[in-house]
Amino acid sequence: MSRLRGFLWLVAGLVVALLAAVVAYMTLTRATQTSSGQVQVEGAYENVVVMAQPVAVRTVLSADMVTTEKMPVASVPEGAITDPEQAVGKLTLAPLYAGEVVLEQRLVDPNITTGDGRLAVAMADEQVLMAVPADDLLSQVSVLKPGDQVDILISLEVPTVATAATLEAPTGSETKLVTFELLQNVTIAALPGGTLPEAQEATAALVNQAPASPDALLVTLAPQDALTLKYALDAGGIRDITLRAPGAGQKWDVEPVDMDYVIDRLKIPQ
């Protein structure tokens, strides 16, 4: 009986020692993971940016293309973007699919200069890139961002009488100022210039100072539209642009405006 009792005490002692060893091992492992930042709080979630729709490679992301979803912290992939503002205006380096988590390494800023010295702009095969002066008021107040959709307005002196063949007024004919929408739904590909060093940018933010305006607007156009815009500018047209709401790609039905239009619309007595 004494031998059996001694054997039971021996087994109990071994079990207690084994449990103590397991607890010690788990405690040390947990402490090591915590110090290295590997342990995530159980049940914790984080907002991440995901695609709301599929997009092709070299697409400039707009606000309507992305959304946010909650994911377990432990499941968030490395490089995941958590703020939609960090994705909007960026250029995709690969096709992205609906529901896919947007990663920093799959996007590039259209305003950065690549290794070959060029801006990373988005262009379709049937488009050309054109630079226009950033002398309009909307550009000067630093409102525009890459990926914005704009309409280009022109005010131009046109002949009151023109020949059908040349669209040129006869010698001595009069001209009148006409304002019209030259091009609609034009994409701003990039805004070169207008960037400040980080120290100056921080100072400007502290004093509520707007960042510097861009040196030019880079727009992507069909070749014929590029020629039309160049002609209007070379003819002395006064250019201005209007900014569309995100995702508003419809065609506006607008009429050219001259003095006769203003008089008729406002019913100005003559």
*Qualifying residues under salt bridge (charged side-chain N to carboxylate O under 4.0 Å, His left out), relative to Asp136, sequence neighbours excluded*: Arg239
_Quick check on the hydrophobic clustering: are Leu191 and Val150 connected, directly or via other members, by side-chain heavy-atom contacts under 4.5 Å?_
yes
*Measuring from Leu129:CG to Leu218:CG, what's the distance to the nearest 0.5 Å?*
5.0 Å
*Leu233 side, atom CG; Ile238 side, atom CD1 - distance, nearest 0.5 Å*: 11.5 Å
*asked:* Leu182: which residues meet the side-chain contact (heavy atoms from CB on, under 4.5 Å) condition with it, sequence neighbours left out?
replied: Ile154, Phe180, Thr228, Leu229, Ala232
*Connected via hydrophobic side-chain network under 4.5 Å: Val49 and Leu91*: no
*With sequence neighbours left out, write down each residue that passes side chain to side chain donor-acceptor pair (under 3.5 Å) with Gln149, or none if nothing qualifies.*
Asn185, Thr187
*asked:* Name the residue from Leu61, Val66, Val60 that meets the side chain to side chain contact (heavy atoms under 4.5 Å, CB included) definition with Val55.
replied: Leu61
Can you give the donor-acceptor pairs under 3.5 Å from side chains of residues 70-86 to other protein atoms, not counting sequence neighbours?
{"unit_1": "Asp83", "atom_1": "OD1", "unit_2": "Glu85", "atom_2": "N", "d": "3.1"}

*So, for Val128 and Ala226, which heavy atoms are closest and what is the spacing to 0.1 Å?*
CG2-CB, 3.9 Å
_Filter on salt bridge (Lys or Arg N to Asp or Glu O under 4.0 Å), then keep only pairs touching residues 247-260, sequence neighbours left out; what's left?_
Lys176-Asp258
*What pairs with Asp148 under salt bridge (charged side-chain N to carboxylate O under 4.0 Å, His left out), at least two apart in sequence or on another chain?*
none
*asked:* For Pro214 versus Ala134, what's the shortest heavy-atom pair and its separation?
replied: O-CB, 3.4 Å
*Looking at residues at least two apart in the chain, or sitting in another chain, which of them share a side chain to side chain donor-acceptor pair (under 3.5 Å) with Ser155?*
Thr179
*Can you list the residues that meet the side chain to side chain donor-acceptor pair (under 3.5 Å) rule with Asp64, with sequence neighbours excluded?*
Ser62
*Shared hydrophobic cluster for Val132 and Val141 (ILVMFWY, side-chain gaps under 4.5 Å)*: yes
*Is there a chain of hydrophobic side chains (I, L, V, M, F, W, Y, each step under 4.5 Å between heavy atoms) that links Val257 to Val178?*
no
*Applying side chain to side chain donor-acceptor pair (under 3.5 Å), name anything that partners Lys145, two or more places apart in sequence or on another chain.*
none
*Hydrophobic side-chain clustering at under 4.5 Å (ILVMFWY, transitive links): who's grouped with Trp252? Put none if nobody.*
Val254
*For Arg106, which residues count as a salt bridge (charged side-chain N to carboxylate O under 4.0 Å, His left out) partner, sequence neighbours excluded?*
Glu100
*Rounded to the nearest 0.5 Å, how far apart are OG1 of Thr59 and CD of Gln53?*
9.0 Å
*Just how far is it from atom CG of Asp240 to atom CG of Asp151, taken to the nearest 0.5 Å?*
11.5 Å
_Neighbour count >12 (heavy atoms, 6.0 Å) for atom CD, Gln250_ = yes
_Joint cluster assignment, Met51 & Val48, ILVMFWY side-chain distance < 4.5 Å_ = no
*asked:* If I take atom CG from residue Leu221 and atom CE from residue Met130, how far apart are they, to the nearest 0.5 angstrom?
replied: 7.0 Å
Donor-acceptor pairs under 3.5 Å, side chain of residues 261-270 to any protein atom, not counting sequence neighbours: which ones?
{"unit_1": "Tyr261", "atom_1": "OH", "unit_2": "Arg265", "atom_2": "NH1", "d": "3.2"}

*If you take all heavy atoms of Pro192 and Ala216, which pair is closest and at what distance?*
CD-O, 3.4 Å
_Gap separating the CD1 atom of Ile241 from the CG atom of Leu144, nearest 0.5 angstrom_ = 4.5 Å
